[in-house]
Amino acid sequence: MNHPNPLDLEQGLHFYEQMLKIRLFEEQVNQLYLTAKMPGLAHLYAGEEAIAVGVCETLRKNDYITSTHRGHGHCLAKGAAVDRMFAELLGKSAGYCRGKGGSMHIADPESGNLGANAIVGAGAGLATGAGLSIKLRASNQVAVAFFGEGAMGQGLVYEALNMASLWQLPVVYVCENNHYTEYTAFREVLAGELRDRPAAFQVPSKEVDGQDVRAVYNAVLPLVERARRGEGPAFLICDTYRYYGHHVGDINRAYYRPKQEEEHWRTARDPLQICAQWLRGEYAVPPALLDEIGQRVADEIRLGLEFAMQAPFPTPSELMEDIYA
Amino acid sequence: MNHPNPLDLEQGLHFYEQMLKIRLFEEQVNQLYLTAKMPGLAHLYAGEEAIAVGVCETLRKNDYITSTHRGHGHCLAKGAAVDRMFAELLGKSAGYCRGKGGSMHIADPESGNLGANAIVGAGAGLATGAGLSIKLRASNQVAVAFFGEGAMGQGLVYEALNMASLWQLPVVYVCENNHYTEYTAFREVLAGELRDRPAAFQVPSKEVDGQDVRAVYNAVLPLVERARRGEGPAFLICDTYRYYGHHVGDINRAYYRPKQEEEHWRTARDPLQICAQWLRGEYAVPPALLDEIGQRVADEIRLGLEFAMQAPFPTPSELMEDIYA
Amino acid sequence: MPETTSSLHEITMSQAIHDALAEEMRRDPRVFIIGEDVAEAGTPFKVLAGLVDEFGKQRVIDAPISEPGFASIGVGAAMTGMRPVVDIMFGDFLGLVMDSIANQAAKVHYMSGGKLKAPIVFRTTLGATRRAAAQHSQSLQAWPSHIPGLKVVLPATPFDAKGLLKSAIRDDNPVVFIEDKLSWQIKGLVPEEEYTLPLGVADIKRVGSDITLVATSSMVQAALGAAEKLAVIGIQAEVIDPRTTVPLDRQTLIESAKKTSRAIVIDEGYEQYGVTAEIASVIADGAFYWLDAPVKRMGALNTPVPFSPALEDLTVPTPASIFEMAKTLCGAH
Amino acid sequence: MPETTSSLHEITMSQAIHDALAEEMRRDPRVFIIGEDVAEAGTPFKVLAGLVDEFGKQRVIDAPISEPGFASIGVGAAMTGMRPVVDIMFGDFLGLVMDSIANQAAKVHYMSGGKLKAPIVFRTTLGATRRAAAQHSQSLQAWPSHIPGLKVVLPATPFDAKGLLKSAIRDDNPVVFIEDKLSWQIKGLVPEEEYTLPLGVADIKRVGSDITLVATSSMVQAALGAAEKLAVIGIQAEVIDPRTTVPLDRQTLIESAKKTSRAIVIDEGYEQYGVTAEIASVIADGAFYWLDAPVKRMGALNTPVPFSPALEDLTVPTPASIFEMAKTLCGAH
Ligand SMILES: Cc1ncc(C[n+]2csc(CCOP(=O)(O)OP(=O)(O)O)c2C)c(N)n1
Ligand SMILES: Cc1ncc(C[n+]2csc(CCOP(=O)(O)OP(=O)(O)O)c2C)c(N)n1
Ligand SMILES: [Mg+2]
Ligand SMILES: [Mg+2]
């Protein structure tokens with residue numbers, strides 16, 4: 001399961017580029033916070049990029065995802081553009097949600113993104129509903145729910161798993177186990193093993209190294225295709241880590257998470273480095289090519305941010321729009 | 001597990017009497033409904049008596065139970081008196097809840113009964129809270145949650161199982177699988193197997209023939225004692241059947257439940273007959289002794305009902321009492 | 001009330017709900033029903049009986065006892081092209097599903113800057129005096145009515161129920177549609193031909209000049225009963241049913257109060273922080289300079305609903321208690 | 001406000017909450033705290049920081065992200081001899097726990113005919129303008145305020161917060177205690193010695209004769225700010241904080257309105273079917289014959305809370321908007 005199949009080079013480079021885009025985006029978001037240019041907070045996805053990219057690369061544009069408070073990576077991986085993402089984070093009209101949603105609510109139906117969600121676990125229910133919708137419409141889409149291991153505390157998730165299993169809905173549940181739910185180690189709040197949970201509802205599950213984008217891609221692909229064929233839901237558990245705090249303001253975190261542990265994941269388990277390594281090693285990609293990608297992505301981020309910084313705020317007349325359809 | 005240990009005769013006769021009391025009580029309730037003497041509806045426990053009795057006989061008076069909409073059996077088995085039960089069902093002041101609770105809310109803290117509940121699944125959470133309370137108070141009580149298999153649809157139950165397991169709370173979850181949730185066969189709404197659910201939360205579980213009071217008693221006793229010793233929660237799945245409709249008004253039920261099935265459970269799987277059989281066979285109890293019990297219980301029911309019928313209704317001045325403590 | 005009597009037939013409110021659902025399901029393949037025991041059983045109240053025969057178990061879906069789960073599934077389905085009708089058996093269970101209703105369905109259109117929408121109907125119930133006790137007797141319309149992004153419908157007649165439910169299903173917004181359990185057996189005239197009623201338009205159930213009785217759902221019949229008694233003593237009550245608490249037809253209510261200069265607002269929810277508070281304060285503000293007496297409120301008594309019939313019947317406004325209040329307010333003796 | 005200045009010290013509202021909990025936990029071994037990240041983290045807002053050091057992880061319990069579950073566990077523990085304080089991080093999550101609060105805790109005393117009780121505090125939060133968007137910014141006090149059997153506390157100063165929280169913990173009933181997230185940094189004087197404040201007694205935060213401003217929680221500061229501006233133009237506003245929406249100190253509110261003959265009710269919850277509706281209609285009724293103008297309401301605008309600062313700040317009443325409303329109501333120009 002953790003034994004990646006070969007990908008073609010182009011695909012590998014694309015994975016890398018997508019992950020890098022998320023990484024640089026998140027680092028930029030952190031800067032915006034630290035320089036007091038962004039309203040509110042944000043939960044950074046840095047460190048977990050291989051999951052969003054590995055999963056979304058198996059999906060079609062009209063496949064659905066639901067996302068979480070830590071959602072920027074999912075949005076970008078599913079096809080959102082950097083400039084409108086930044087615009088949303090800055091509360092500008094040009095943002096994906098006209099500035100009304102902000103970091104925790106970015107939605108983009110164009111790319112199949114049904115929205116980030118600030119209620120832990122809620123997206124799992126919504127994605128299950130999307131799955132039911134797909135089945136009733138006899139479409140061949142798939143719905144993917146991303147959520148953290150903390151969401152496994154929510155009973156809603158089990159209710160959803162039960163119904164997805166009963167009705168064989170085309171839903172893939174992707175649990176991003178980054179080992180912490182806010183400021184608490186997940187083992188302190190989760191009895192037993194994650195993997196036993198979906199099994200109890202007869203939802204097949206897999207575990208994968210969430211830092212290796214190839215492994216994620218190869219693990220989830222058969223689950224997605226299975227769902228697409230109408231063979232029912234599946235569950236993917238990804239082992240991963242967030243590089244920053246729970247949110248951008250969570251800076252002194254040694255009291256709940258050892259510095260060495262952070263260091264280990266950043267150096268030995270970095271999804272970008274792991275990907276770069278096999279691109280260089282197995283595909284003989286020259287460093288210059290990766291640099292070129294790096295430059296391209298950096299430009300995209302810079303331009304996107306410029307766009308967003310210059311974009312206008314919504315006018316008061318927009319306030320009472322969009323309450324009712 | 002389904003291999004009953006011998007009990008002493010006195011205990012066996014007591015089990016029989018307790019079960020018979022519930023049976024006759026419920027048959028009387030049905031009559032009250034059919035003769036329009038009882039306000040509202042009631043969910044009869046007839047057919048499931050061996051569970052309430054088998055479980056409650058392992059409990060001490062100050063152990064807690066939480067019950068359900070189908071709660072009369074639990075209340076009686078835990079020690080409630082017939083007369084005040086009837087009074088409650090008739091909405092009289094002398095009832096356990098001064099007539100304010102009715103069939104779905106009978107509570108009797110004197111006998112450790114924290115109340116029936118009209119919200120499916122709610123009692124599992126409350127019992128878990130009682131378990132936490134026991135642990136924090138360093139008491140040696142045990143809390144038992146009774147609920148139907150339908151409650152396994154409620155996410156709350158999984159949240160409770162997770163916490164009970166994490167904190168090793170003295171809670172025994174007793175799932176009464178009577179095969180139907182209202183008018184729907186449980187397999188239509190439950191994916192996979194009941195037994196896999198508690199296991200996913202590392203709560204040990206057992207399955208037992210819920211029609212054999214000895215089997216229930218012997219299955220639950222070690223679970224209760226384990227909990228009492230502070231060794232954590234457990235889950236008991238009882239296979240059972242309700243003899244009447246979902247509630248007293250559910251009379252034409254052939255559309256969801258075959259008559260032959262009802263017949264089979266009533267004749268071949270009746271907890272009273274099964275108990276009487278081994279009392280006669282293994283303990284050589286003479287029929288006259290069982291008749292004597294029957295007479296005593298019938299008298300108790302008759303007197304209890306008389307008491308309740310004659311008891312006064314609450315006065316309007318009682319209406320706004322008990323809202324705040 | 002229907003404008004014409006040319007093609008009316010008399011049906012129960014239960015039938016009206018049933019027919020509205022059947023017609024909309026026929027018209028629009030995106031409409032489906034999900035809830036507990038909705039299929040063969042047609043709900044415990046039998047309101048949906050027969051729908052599964054016509055539309056099959058794919059569109060009349062028996063769900064596990066998982067209100068939070070299937071409410072959320074409904075919202076997800078609504079966001080992706082379907083038009084679910086989610087059946088929440090007892091209004092008391094709103095406490096289990098308010099996240100899906102208030103945080104998800106109500107907000108997704110706004111939060112997405114207008115890109116997503118959730119055209120979903122949550123059908124549920126209200127009403128006491130059925131001897132069902134505290135957890136099965138509440139009238140919790142105040143909760144969803146508080147949340148922007150939702151519409152809330154409280155039909156009181158078969159005609160209204162059918163026309164409003166069809167509109168609710170066609171509406172692009174989440175609608176909480178609350179039926180009085182005791183009203184299902186009320187009969188009324190309904191056109192044979194198809195019709196819908198707009199959400200947000202109050203209906204004057206009885207014209208009067210001396211006092212305005214604003215009543216919702218179960219309380220409309222009670223108010224009409226009171227109005228008849230009042231007529232006997234020479235007081236002409238105007239009975240207005242807002243029909244939807246959101247949107248609220250403020251103008252019709254205020255105009256009536258200006259005309260009569262007295263008003264009572266009657267709703268079966270708890271009085272404290274209930275629907276009567278909003279409507280009363282809208283009238284007290286809007287008709288301030290026309291009012292001859294304070295706007296009075298009659299909600300359910302502020303107590304959990306007791307089981308005993310001896311107590312339960314005292315908790316809800318009745319024609320008699322409304323009559324008394326109106327008489328006092330009009331200064332009659 | 002404290003009667004004596006002999007032994008006052010200045011602390012933040014956050015500290016006041018913390019101290020109330022610490023004192024009650026010291027006093028009564030039955031008191032414990034359960035919620036997400038309450039122990040070492042002391043909640044994301046750090047209000048509980050340090051409590052775990054004194055009381056240990058047995059009494060300051062980190063729960064999974066299972067609001068329905070641990071709310072229910074809290075109720076069960078309360079029914080069996082403990083006095084839990086259940087921490088619900090954001091008031092928006094009330095949608096997940098209303099069954100435990102409204103159907104279980106609020107009703108168990110009544111349903112059991114007075115035999116069981118649930119002495120439990122649900123601590124949660126309210127308040128927008130923190131750029132936290134629609135699902136983390138609501139002020140949902142109207143929901144629990146609607147349910148008989150609950151008490152609902154909305155403290156606005158450190159002094160009130162400490163005294164009321166201690167009373168809430170000692171109360172034998174379920175209490176929903178809602179803190180404004182932006183008020184935690186407000187400083188105020190608090191006695192060194194122990195004190196409690198009764199639930200159900202309004203506090204006159206400023207005496208005035210021309211108009212009554214009834215304000216709750218976050219809006220108390222806004223009303224006081226408006227009152228200062230009004231004083232400059234010669235209007236003396238009386239600012240009253242009910243402190244608890246249930247029980248509601250109707251008499252103090254009505255008396256003030258009778259005295260000033262004008263009133264505005266201000267609360268950060270959505271205006272529609274919100275707390276302002278109840279209070280305004282209580283005043284409009286009780287002071288009817290004394291009022292020179294309609295009672296006005298200022299709640300949050302009836303929209304999901306937008307993220308953008310350019311929009312969010314427009315949704316909530318401010319000293320300036322209250323000033324304008326009061327000025328208009330007093331007929332000043
Ligand atoms: C229902 C609910 N409860 C609590 C919170 C507060 N909260 C936000 S993120 C979070 C932790 C989530 O942990 P996890 O699911 O593991 O995701 P991660 O942050 O690790 O990506 C919590 C408790 C919330 N947003 N929603
Ligand atoms: C939360 C909730 N949802 C729905 C109901 C309506 N209801 C009452 S009993 C019941 C079926 C319960 O089935 P099960 O748990 O198997 O218990 P049984 O009736 O078979 O004993 C339902 C759906 C309820 N009371 N509470
Ligand atoms: Mg996590
Ligand atoms: Mg059952």
Side-chain angles (χ1 to χ4, degrees), chain A residues 64 66 88 93 95-102 104-110 112 114-119 121-137 139 141 143 145 154-164 166-167 169 171 314 318 320-325, chain C residues 29-32 34 57-59 61-84 86 96-97 99-100 102-120 147-151 171-175 199-200 246-247:
Chain A
Y64 299 115
T66 62
E88 189 58 37
S93 265
Y96 273 106
C97 311
R98 306 180 67 186
K100 291 176 177 176
M104 289 203 290
H105 301 292
I106 296 178
D108 179 27
E110 286 284 296
L114 299 176
N117 212 303
I119 304 296
L126 299 176
T128 308
L132 179 60
S133 165
I134 292 167
K135 184 166 180 182
L136 292 175
R137 289 185 283 105
S139 146
Q141 295 158 282
Q154 289 286 352
L156 173 68
V157 173
Y158 303 96
E159 299 186 7
L161 286 174
N162 185 48
M163 287 183 266
L166 274 172
W167 304 329
L169 303 180
V171 186
E318 296 178 51
M320 301 304 280
E321 291 172 5
D322 305 322
I323 302 172
Y324 290 96
Chain C
R30 298 170 302 176
V31 179
F32 72 96
I34 187 167
K57 292 200 70 147
Q58 280 250 343
R59 292 182 68 195
I61 305 174
D62 272 342
I65 311 177
S66 304
E67 287 87 357
F70 66 76
S72 172
I73 285 176
V75 179
M79 286 163 62
T80 53
M82 300 300 289
R83 293 188 165 259
V86 174
L96 295 166
V97 295
D99 189 70
S100 282
N103 281 336
Q104 310 299 335
K107 294 181 174 41
V108 68
H109 189 62
Y110 193 84
M111 293 192 305
S112 67
K115 294 225 198 84
L116 291 164
K117 59 181 183 175
I120 183 170
I147 305 298
L150 300 175
K151 298 185 180 180
D171 201 286
D172 271 347
N173 299 286
V175 179
L199 307 184
V246 185

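Numbers restart at 1 for each chain; the letters A, B, ... are given by sequence-line order, proteins then strands. The analysis underlying the following values was restricted to heavy atoms, covering all of them including side chains, and did not include hydrogens, waters or symmetry mates.
Put simply, of Leu150(C), Asp171(C), Val108(C), Val75(C), the one with the most heavy-atom pairs under 4.5 Å next to chain A is Leu150(C). Contact count against chain A (heavy-atom pairs under 4.5 Å) is highest for Gly76(C) among Pro119(C), Gly76(C), Gly114(C). Top candidate by heavy-atom pairs under 4.5 Å with chain C, chosen from Asp108(A), Ile106(A), Leu156(A), is Leu156(A).
Contact detail for Gly149(C) and Tyr324(A): the closest heavy-atom pair is N-OH, 3.1 Å. Between Met163(A) and Ser66(C), the shortest heavy-atom contact is CE-CB, 3.7 Å. Shortest non-hydrogen contact noted between Leu126(A) and Ser72(C) is N-OG, 3.4 Å. Residues Ala122(A) and Gln104(C) approach most closely at CB-NE2, 3.2 Å, considering heavy atoms. For the residue pair Glu159(A) and Gly69(C), the shortest heavy atom distance occurs at OE1-N, 2.6 Å.
Contacts of Glu88(A) with chain C are absent, with no heavy-atom separation under 4.5 Å from either backbone or side chain. Heavy atoms of Ala130(A) lying under 4.5 Å from chain C belong to its backbone as well as its side chain. Contact of Phe32(C) with chain A is made through the side chain alone, with heavy-atom distances under 4.5 Å. At a 4.5 Å heavy-atom cutoff, Ala118(C) makes no contact with chain A through either its backbone or its side chain. For Val97(C), no part lies under 4.5 angstrom from a heavy atom of chain A. Interface residue Asp99(C): only side-chain heavy atoms are found under 4.5 Å from chain A. Contacts between Gln58(C) and chain A at a heavy-atom distance below 4.5 Å involve backbone atoms as well as side-chain atoms. The parts of Tyr96(A) that come within reach of chain C are both its backbone and its side chain, each placing non-hydrogen atoms under 4.5 angstrom from that chain. Residue Ile61(C) touches chain A through its side chain alone, counting heavy-atom pairs closer than 4.5 Å.
The structure places NZ of Lys107(C) at 14.5 Å from CG of Asp322(A), a figure rounded to the nearest 0.5 Å. With rounding to the nearest 0.5 angstrom, the OH atom of Tyr110(C) is 12.0 Å from the NE2 atom of His105(A). The distance from atom CG of Leu114(A) to atom OG of Ser112(C), rounded to the nearest 0.5 Å, is 10.0 Å. Taking CD1 of Ile73(C) as the start and OG of Ser133(A) as the end, the distance is 12.0 Å to the nearest 0.5 Å. How far CG of Leu132(A) is from CD1 of Ile34(C): 5.5 Å, rounded to the nearest 0.5 Å. Taken to the nearest 0.5 Å, the CE atom of Met111(C) stands 15.5 Å off from the CZ atom of Arg98(A).
Taking a 6.0 Å sphere around CD of Glu321(A), one finds it holds more than 12 heavy atoms contributed by other residues, nucleotides or ligands.
Without hydrogens or angle criteria, Arg59(C) side chain to Leu136(A) main chain gives no donor-acceptor distance under 3.5 Å. Side chain of Asp172(C) to main chain of Ala325(A): no donor-acceptor pair is present (N/O by atom type, distance under 3.5 Å, no hydrogens or angles). With Lys115(C) contributing its side chain and Pro109(A) its backbone, the two residues share no donor-acceptor pair below 3.5 Å.
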Passes side chain to side chain contact (heavy atoms under 4.5 Å, CB included), Ile134(A) versus Thr80(C)? Steps please.
CA-CA 8 Å; Ile134(A) 292 167; Thr80(C) 53; over 6 Å; no
Check the pair Arg137(A) / Met82(C) against side chain to side chain contact (heavy atoms under 4.5 Å, CB included), numbers first and verdict last.
CA-CA 8 Å; Arg137(A) 289 185 283 105; Met82(C) 300 300 289; 3.4 Å; yes
